[in-house]
Amino acid sequence: MVETPVQLALFETQDSYGEAHSGAPTIPRVAQSSDDFAELLREIDAADRIAFDTETTGVDMTRCDMVGMSLTTRPGIGWYLPVETASGDWHLPADSPDALTLRGALNRSRALLAAHNAKFDLGVLQRHGMPITHPVYDTMIAQFAIDPFARGALGLKPLAKLHLGWDMQEIETLIGHSHVSRQRSMRDVPLALVAPYAAADADATWRLVDALQPQVAALGLERLLNEVEFPLIPVLVDMELDGVAIDRPYLAALSVEMTARLRVVEADIYRLAGRVFNVGSPQQLANMLYRVLGLQVDVSADAAYLPSTRAHRLEELRDKHPMVPLVLEQRELAKLLGTYVDALPALINPATGRVHTHFNQAVVITGRLSSSNPNLQNVPITSEMGRRVRRAFIGAPGAPDSPRACVLSSDYSQVELRVLAHLADDAVLRAAFQRGEDIHASTAASIYHVPIAQVTSEQRGFAKRINFGIAYGMSSFSLARSTGMTDAQAEKFMADYFRRFAGVRRWLESTKRKMSCDGYVATLYGRRRPFNDMRGRDGSEVRRNERLAVNHPVQGSAAEIVKIAMIKLQKALRAGGYKARLTVQVHDELVLDVPREEVADVRELVRREMEEAVQLSVPLKAGIGVGDNWDSVE
DNA sequence: TGGAGCTCA
DNA sequence: ACGCATGAGCTCCAG
């Protein structure tokens, strides 16, 4: 039978696990009777700290099934609660009375709850009738705050190795490798093997809290974790589980239209080329443009390499040959089709009819969220064609006979510049924000010494460039590059800027000094970015680190403000009994599904929670739009 | 799998 | 003289 090789593999697993067991001394206890369960409940009531972990049939919390759950209330022992069993033994089905009892016990407990990558476990538990309302200590997020460069090694097993010296059993020893033959499901692994594996995971998590806590304290990360990152987890769980509604018929029609246009454009390209080639291959395209057609670009060319075919390079050639604009159009169509129009429908969860992105808290060094599968933080907005894609993101369907929810988008106005004004304590910049002025016009007025009403649009444009660039540590050369000023003009412009905004200049200097003296810089809530000793390094490397150093507190503190706004907003929405739901965060923008009858209320609630998220020395301002889709929110 | 190229804030 | 703005994710190609 098919079973035989599986069994063999599992026996081998047990052997290797036996060797490794000395490193992970967890005694598993399987809850197999009502008496066991009652004993566990008593332990939960008496516990100071409870670590838990879920075993599931997959890694996607929006669709996997729960196989079991492990719980540890003291080091060395891990309970395992099967969710389903073949026999009549005690188990814990979703929504069963026992599940409700456990949920009540966990939420009633005064113990610290801990989990590794808690968002996953909380999402799974929520989908199985056990929502956890307590804040949870997440050992993965704590580790990321301690060492943001550990990004690739944030799994529970590497952490247990690092902090506890444990060589833990890898999950592949139970379910096989995803790339080798077909992976088995955790559901098919015998209880006798799942239980010790799961128990060790909960035990490791329990002990990791002790290992991490001294470092968290030493690095001053308590407020960041307890006031920002941990409370954000349940907000992200709700956002991910709710998902975003997609207009599938609209996308289908858009696909037909865009694909037809793509075929026409490609046919025209082949006709002009005199042959068929792969326009999507930068190499073949460069060969066609620069060798066959002989187009010239004005760059100091290394003879060994053909020039790039990047869009801004092709824009310079737009009028030189009719193929060039066609290539640009082909690129845009192929990108939109491949990334959204044809790809999004496949990501719609059939059970919910929505797409469920992942918001990751442990990827971006500055502390921003990242979004993946799909990335909803880079949905096109600039081009007309891109905005047609954006129109596919719509409100959730309402109850029968009631209309779809609206899409509400609220974005912070100039949040990073306001953060800079606060951090740098720059009197001029602060005053401009306090007066509620158009900040770019105001900056221009300051630099050119003219009344704000007399600022020309060109002057405002220069000021806007410098306002954006400052937070990135921009040089006068890049200012010249991006504005078309000469180097000398740009240099003078920046000198004028820093004379006027002396607080900003002092802050930039002190931040760079802090980087080299202390070896780190930090955000409002204390998230650090470490730097290596740069003594004896190349000047350009030092300057790059200086740019990273000044960007970190600005970008990272802004990210914290948005996260706090999300936490407060979610709380206010729930307290008010609203059906409105947060769906997407795009760094300085929050997107919500709002039933039509709630729009007036929720609009003001969102504004208040965002503008009052934190108290800075400058006001925060949010701009809000409402529409039928993500494009029409203006 | 790494780079080229594109999208966003 | 050099090198030239921060932070991400996804798709495609080529090897």
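Quick note on labels: first sequence line is chain A, next is B, and so on, each numbered from 1. Reckoned from all heavy atoms, side chains included, excluding hydrogens, waters and symmetry mates.
- Between A:Leu590 atom CG and B:dA9 atom P there is a gap of 14 Å when expressed in whole angstrom units.
- With rounding to the nearest 0.5 Å, the separation of CZ in A:Phe477 from OG in A:Ser482 is 10.5 Å.
- Separating the CE atom in A:Met385 from the CG atom in A:Leu337 is a distance of 9.0 Å, to the nearest 0.5 Å.
- Contact annotation: A:Arg543 does not reach the phosphate of C:dG3 (side-chain N/O to OP1 or OP2, under 4.0 Å).
- Following rounding to the nearest Å, A:Glu332 (CD) and B:dC6 (P) show an atom-to-atom distance of 11 Å.
- Rounded to whole Å, atom P of B:dC8 lies 9 Å from atom CG of A:Leu336.
- Residue A:Thr382 has a polar side-chain atom (N or O) positioned under 4.0 Å from OP1 or OP2 of B:dC8.
- Residue contacts for A:Ala559: at a heavy-atom cut-off of 4.0 Å it reaches no nucleic acid atom on any strand shown.
- Protein atom CG of A:Leu306 is 11 Å distant from nucleotide atom P of B:dG5, rounded to whole Å.
- Atom CE in A:Met140 sits 7.5 Å away from atom NZ in A:Lys119 (nearest 0.5 Å).
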Going 5' to 3' along nucleotides 6-13 of chain C, which nucleotides have protein heavy atoms under 4.0 Å from the base (write B), which only from the sugar-phosphate (write S), and which from neither (write -)?
BBSBBS-S

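- Look at CG on A:Asp411: it is 13 Å from C1' on B:dC8, rounded to the nearest Å.
- Regarding A:Leu333, its CG atom lies at a distance of 19 Å from the P atom of B:dG5, rounded to whole Å.
- Picking from B:dG5, B:dT7, C:dC4 the nucleotide with the shortest atom distance to the side chain of A:Arg310 gives B:dG5.
- Look at A:Ser478 and you won't find any side-chain N or O under 4.0 angstrom from OP1 or OP2 of C:dG3.
- Using a 4.0 Å heavy-atom criterion, one finds that A:Val554 contacts no nucleic acid atom at all.
- When the P atom is used for both C:dC4 and B:dG5, the distance is 16 Å, rounded to whole Å.
- Heavy atoms of A:Ser540 sit nowhere under 4.0 angstrom from any nucleic acid atom.
- Note on ring orientation: taking the six-membered ring where Trp is involved, the planes of A:Tyr270 and A:Phe277 are perpendicular (angle over 60°, cut-offs 30° and 60°).
- One interatomic measurement links the two molecules: CZ of A:Arg390 to P of B:dT7, which rounds to 13 Å at whole-angstrom precision.
- Judged purely by atom type and a 3.5 angstrom limit, A:Ser255 has no side-chain atom pairing as donor or acceptor with the backbone of A:Leu251.
- For the pair A:Lys621 and A:Tyr412, the NZ or CZ position fails the cation-pi test of under 6.0 Å to the six-membered ring centre and within 45 degrees of the ring normal.
- One atom, CG of A:Asn545, and another, P of C:dG3, lie 17 Å apart when rounded to the nearest Å.
- Using a 4.0 Å heavy-atom cutoff across all strands shown, A:Leu369 reaches no nucleic acid atom at all.
- How far CZ of A:Arg390 is from CG of A:Leu336: 12.0 Å, rounded to the nearest 0.5 Å.
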